[in-house]
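Just so you know, these numbers come straight off a predicted model, no measurement behind them.
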Amino acid sequence: MKWTHTLIPTLREAPADAEIVSHKLLLRAGLIRKLAGGVYTFLPLGLRALRKVEQIIREEMDRAGAIEVLMPALQPPEIWEASGRAETASNVLFKVKDSSGRQWFLSPTAEEVITTLAANEINSYRQLPKNFYQISLKFRDEIRPRFGLMRAKEFIMKDAYSFDTTDDGAMAAYKKMYEAYTRIFARCGLKTFPVEADTGVIGGNHSHEFMVPAETGENEVAFCEACGYAANIEKATSGIPKTAARDIGPAIEKFATPGVVTIEALSKEPYKVAANRQIKTLVYIADSKPVIILIRGDDQLNETKFLAKTGAVAARPATVEEIVPLLGAKPGSLGAVINVPASVQVFADERLRGANDMTTGANEDGFHLKNVSIERDIKVTAWYDLRTVSAGEPCVKCGKPLKIRRAIEVGHVFKLGTKYSEKLGATFLDVDGSRKPAVMGCYGIGVTRTLQAIIEQGNDKDGVVWPLSVAPYQVCLTPLAVAPDSQPMQLAEKYYAELTARGVDVILDDRDERPGVKFKDSELVGFPIRIGLGEKSLAKGEVEIKPRNGPIQYVKIEAAVEAVVKLITADS
Ligand code: ATP
Ligand code: MG
């Protein structure tokens with residue numbers, strides 16, 4: 001490819017709305033352009049890199065025995081009604097109407113479509129196991145699209161769906177995908193680590209996310225360097241001890257706390273109730289019903305855990321206007337000891353189990369209660385692990401201190417069980433003649449997000465540092481004179497032909513620009529190898545070979561092609 005033939009609109013400065021380095025570089029290196037918030041065009045070089053990522057995914061999915069299909073982006077709502085997700089996933093669904101007024105959903109994922117297909121096409125255990133995958137556009141009505149391709153409204157996902165006759169079979173399919181993902185990300189030159197994950201609106205009971213460590217990541221991960229335990233903070237637990245029981249007086253005591261509405265204020269003079277002896281009372285509206293959540297004063301509620309444990313679809317903090325008529329007091333004086341309507345469920349965090357000598361709100365503005373024993377004085381509907389783990393807590397597996405880091409989720413594998421197959425009728429006749437629902441798994445990779453994560457991980461002050469496997473071109477030929485009869489250009493053309501014949505991806509920078517401009521652009525786009533052809537070094541019989549992340553090597557003109565091929569094969 002010649003530089004002047006394609007379109008590589010590099011920019012000195014990134015547009016102001018690009019916040020993170022990978023987003024800036026995608027724009028500055030001329031890889032993508034924004035059409036609207038969360039909606040992008042791939043320019044020629046961005047598309048080449050994207051296609052290479054897709055190809056790696058395809059090869060590894062095929063190697064793992066998955067079969068490629070392509071499902072429609074337009075999905076009829078009926079299948080979403082049948083799975084029960086029309087409502088639960090409603091906030092991300094793009095809904096469109098055709099000219100007859102019929103509604104369609106734009107595919108945010110495809111469990112419903114593939115399970116419908118399986119219901120129609122698979123009838124016998126003889127046809128199983130099967131794992132179908134596709135690489136296609138997905139649409140999600142993200143409220144806050146940001147960071148370029150990281151959280152877009154329209155993006156490319158590889159999604160796969162496995163169907164097995166038994167639970168063991170499904171577990172084996174899961175393991176195969178887990179291994180394929182490990183290979184895929186390694187081949188993309190991306191350092192990832194798997195973590196235990198929440199299953200969210202997809203459902204199922206076993207799940208891992210593949211994370212790229214990055215300060216700019218939207219996820220937090222708790223991990224243990226000693227034993228390897230790692231989990232999304234939405235799921236992570238720790239070995240932190242429960243609240244110690246103490247000797248207490250027999251009766252609850254009410255005391256005045258005028259103007260005290262925070263855990264912190266109550267922990268100070270004159271009250272001096274340590275945060276870890278306070279019960280924090282939160283009121284949430286979970287699936288339209290008010291509920292009380294009790295957490296220790298020094299802990300934070302983890303809303304994802306709350307949803308996962310209670311099975312609620314949506315939850316939000318109740319407003320003051322909702323709380324006052326319910327409990328008779330404003331936030332800051334709330335509790336679950338007195339004045340709690342019988343219809344309100346009370347969920348308590350496990351760390352409070354057995355706690356006594358606790359202080360909590362009296363459901364009367366300006367008053368608290370002490371000597372509260374949670375199991376004696378509060379009617380707890382259910383106990384769950386609801387708190388967010390923090391750094392330094394003992395690992396749940398080995399007791400060593402946990403660390404927390406930020407990360408980007410690039411892939412997600414789920415064991416689904418029979419949730420979708422039962423609802424959508426994906427059953428098969430087993431060997432014994434009985435009809436059973438297929439046991440499913442689903443497996444996603446954010447292809448466009450992965451591409452950006454590669455840049456987030458591979459860059460320096462000059463631009464992108466691509467791994468050879470996914471670089472838009474592996475080699476950039478940079479003749480410093482471009483007249484067709486000049487020696488640099490003639491040699492560049494010769495190298496171009498020879499390298500291309502050896503299977504190397506080459507771009508020839510035939511622009512009539514100053515060397516500085518050409519070098520800067522090639523660093524910015526990040527081609528792994530640049531061959532500089534200047535009259536001065538050619539006069540000495542040499543060319544410059546500059547690996548993107550290494551020093552210049554001077555190589556004899558005749559040895560250059562071999563040297564480049566060697567660099568490439570050494571890396572792959
Ligand atoms: P997130 O938590 O980041 O919203 P998710 O858990 O909802 O993602 P999945 O349903 O697991 O996403 O989708 C599979 C993969 O698709 C994710 O691991 C991620 O890499 C990618 N992905 C999801 N949403 C987006 C988006 N809005 N833009 C780009 N990629 C996305
Ligand atoms: Mg996910």
Side-chain angles (χ1 to χ4, degrees), residues 57-72 75-86 88-89 107-136 138 157-184 194 196-197 199-210 311 411-445:
I57 294 174
R58 203 166 259 129
E59 285 170 18
E60 294 301 331
M61 292 302 292
D62 291 346
R63 182 209 292 262
I67 322 153
E68 188 167 6
V69 294
L70 184 59
M71 291 176 257
Q75 302 188 0
E78 292 74 19
I79 55 177
W80 287 77
E81 299 291 347
S83 74
R85 287 208 296 182
T88 58
S107 173
T109 173
E111 283 78 10
E112 283 77 4
V113 179
I114 198 73
T115 314
T116 302
L117 184 87
N120 291 330
E121 308 303 329
I122 291 176
N123 192 38
S124 155
Y125 72 92
R126 287 197 188 86
Q127 294 165 283
L128 295 174
K130 285 272 182 295
N131 186 353
F132 301 102
Y133 79 98
Q134 66 172 345
I135 298 176
S136 69
K138 301 293 184 305
M157 195 204 286
K158 184 288 298 173
D159 42 328
Y161 307 89
S162 63
F163 296 83
D164 278 86
T165 54
T166 61
D167 213 57
D168 283 351
M171 210 51 231
Y174 183 93
K175 211 164 145 255
K176 248 192 205 162
M177 284 296 101
Y178 184 102
E179 282 158 11
Y181 277 31
T182 307
R183 293 181 56 91
I184 286 168
E196 293 175 19
T199 48
V201 79
I202 299 244
N205 47 20
H206 194 83
S207 155
H208 285 88
E209 287 161 336
F210 284 76
H412 201 160
V413 291
F414 295 85
K415 186 163 160 283
L416 288 173
T418 54
K419 171 179 164 181
Y420 292 90
S421 46
E422 278 175 31
K423 290 198 164 135
L424 291 153
T427 58
F428 65 95
L429 278 181
D430 210 347
V431 203
D432 61 5
S434 67
R435 189 162 278 284
K436 293 179 182 159
V439 190
M440 291 175 60
C442 75
Y443 320 93
I445 291 180

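- Counting heavy atoms of neighbouring residues, nucleotides and ligands inside a 6.0 Å radius, atom CZ of Arg435 exceeds 12 of them.
- Asp62 contributes atom CG, which lies 8.0 Å from atom CZ of Arg58 (distance to the nearest 0.5 angstrom).
- Side-chain atoms of Glu81 never come within 3.5 Å of backbone atoms of Pro77 as a donor-acceptor pair (strictly under, hydrogens ignored).
- The shortest heavy-atom contact between Pro437 and Phe428 is O-CE2, 3.7 Å.
- Atom CZ of Arg126 and atom OG1 of Thr165 lie 12.5 Å apart (nearest 0.5 Å).
- Note that CD of Glu68 is 10.5 Å distant from NZ of Lys158, once rounded to the nearest 0.5 Å.
- The distance from atom CD1 of Ile57 to atom CD1 of Ile184, rounded to the nearest 0.5 Å, is 5.5 Å.
- Checked against the 6.0 Å centroid criterion, the rings of Phe210 and Tyr178 qualify as a close aromatic pair.
- No side-chain N or O of Tyr133 forms a donor-acceptor pair with one of Asn131 less than 3.5 Å apart.
- Closest heavy-atom contact between Met61 and Ala160: CE-CB, 3.6 Å.
- With contacts defined as side-chain heavy-atom distances shorter than 4.5 Å, the pair Gln134/Met157 does not qualify.
- In this structure, Tyr420 OH and Met440 CE are separated by 8.0 Å, a value rounded to the nearest 0.5 Å.
- Here NZ of Lys138 is found 3.5 Å from CG of Asp159. Values are rounded to the nearest 0.5 Å.
- Looking only at distances, a side-chain donor or acceptor of Gln75 sits under 3.5 Å from a matching main-chain atom of Thr109.
- Across Pro129 and Asp164, no two heavy atoms sit closer than the pair CB-OD2, 3.2 Å.
- Using modelled atom types and a 3.5 Å distance limit, the side chains of Glu111 and Thr115 yield no donor-acceptor pair.
- Side-chain contact between Met171 and Lys175 is absent, with no heavy-atom pair separated by less than 4.5 Å.
- Scanning all heavy atoms of the two residues, the minimum distance from Phe132 to Phe163 falls at CD1-CE1, 3.9 Å.
- Of the N and O atoms on the side chains of Ser434 and Asp432, at least one donor lies less than 3.5 Å from an acceptor on the other residue.
- Summarising the geometry of Cys442 relative to Tyr161, their closest heavy-atom pair is CB-CD2, 3.6 Å, with the distance given to 0.1 Å.
- Looking only at distances, a side-chain donor or acceptor of Ser421 sits under 3.5 Å from a matching main-chain atom of Ala438.
- Closest approach of Arg85 and Thr88 over heavy atoms only: CA-OG1, 3.2 Å.
- Evaluated for a side-chain contact (heavy atoms from CB on, under 4.5 Å) with Val413, the options His206, His208, Lys176 yield exactly one hit, His208.
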